[in-house]
Amino acid sequence: MRCPFCAVDDDKVVDSRPADEGSAVRRRRECLGCGERFTTYERIGEVPIVVVKRSGAREPFDVEKVRVGIQHAVAGSTIDAAAVDALTAEIEEQLRAVGPDVPSTAIGLAVLERLRSLDPVSYVRFASVYKGFDDVGDFERELVALQKQTAPKAPGRGGRAPS
Ligand SMILES: [Zn+2]
């Protein structure tokens, strides 16, 4: 670890203890160049996202599945490959912030929310593609709710869907 005081990359650990309720390790280091002490924290770099299906089944999140779904939806639109990549990365970022456990419907909805403002045709197409992802009925209820929220946010989700 490079010393913040003299930039020498040579130190010894003088103390090591758990931090943040065990999710990190705090290390006190002493620079062998200048003798100053500094603290580092070690954490797990990336927590894997787990998709929780409505049935309760769990599976690892597959970002390629999301990318392919978006690609199909935007085919023929003005949304290019770079935009699909950016969109996919944004979705993953959003899910990571929510996770590590993410309901499967949340993934489709995250995509839909973005597509809706980008391109209405892709939005509708993704909605139909997404049906194949998991539980169709559950998704359609969410979609109906989403479509109702065209203007300001609805005060509650208690409304009965006309069907
Ligand atoms: Zn130093």
Side-chain angles (χ1 to χ4, degrees), residues 1-75 77-119 122-123 125-127 129-130 132-135 138-139 142-143 145-146 149 152-154 157:
M1 193 68 67
R2 186 175 300 171
C3 171
F5 302 98
C6 71
V8 163
D9 187 5
D10 194 9
D11 63 77
K12 67 174 181 189
V13 174
V14 294
D15 185 40
S16 183
R17 62 183 65 188
D20 288 355
E21 296 173 348
S23 67
V25 175
R26 176 188 184 277
R27 294 213 162 91
R28 195 76 181 138
R29 296 169 184 270
E30 186 178 302
C31 174
L32 298 178
C34 68
E36 291 285 351
R37 290 187 173 190
F38 55 97
T39 304
T40 58
Y41 288 87
E42 183 181 318
R43 296 173 195 280
I44 295 171
E46 199 169 85
V47 180
I49 302 170
V50 176
V51 179
V52 183
K53 298 194 170 197
R54 198 158 176 269
S55 64
R58 301 161 65 85
E59 63 178 40
F61 172 67
D62 182 0
V63 73
E64 283 313 307
K65 220 165 160 182
V66 174
R67 191 195 311 276
V68 168
I70 296 173
Q71 270 167 353
H72 281 133
V74 305
S77 77
T78 55
I79 301 171
D80 61 11
V84 171
D85 282 349
L87 198 61
T88 306
E90 267 178 43
I91 305 283
E92 188 175 12
E93 188 76 12
Q94 181 184 338
L95 296 176
R96 204 170 286 288
V98 173
D101 287 4
V102 175
S104 53
T105 49
I107 300 170
L109 288 174
V111 176
L112 281 172
E113 276 170 19
R114 284 176 166 73
L115 283 183
R116 185 166 57 161
S117 54
L118 277 177
D119 180 47
S122 301
Y123 165 71
R125 213 184 288 163
F126 182 81
V129 169
Y130 180 73
F133 271 43
D134 193 27
D135 188 295
D138 192 48
F139 170 70
E142 296 285 352
L143 184 60
L146 191 72
Q149 300 168 9
K153 273 182 188 167
R157 293 170 134 265

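Both counts, for ligands and for their atoms, begin at 1 and track the order of listing.
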Original post:
Does Asp11 use its side chain to pair, donor to acceptor, with the backbone of Glu30 at less than 3.5 Å?
Top reply: no
Original post:
Under 4.0 Å between a Lys/Arg side-chain N and an Asp/Glu carboxylate O for Glu64 and Arg67?
Top reply: yes
Original post:
Between Phe126 and Gly69, which heavy-atom pair has the shortest distance, and what is it?
Top reply: CD1-O, 3.6 Å
Subject >> Side-chain donor or acceptor of Asp20 paired with backbone N/O of Gly22 under 3.5 Å >> reply: no
**OP:** Inspect the contact between Lys65 and Glu59 and indicate whether a charged nitrogen and a carboxylate oxygen are less than 4.0 angstrom apart.
**Re:** yes
Subject >> Residues Arg27, Ser16; criterion side-chain hydrogen bond (donor to acceptor under 3.5 Å, both in side chains); working and verdict >> reply: CA-CA 4 Å; Arg27 294 213 162 91; Ser16 183; 3.3 Å; yes
Original post:
In the shown structure, where waters are left out, how many protein N, O or S atoms lie under 2.8 Å from the Zn ion (ligand 1)?
Top reply: 4
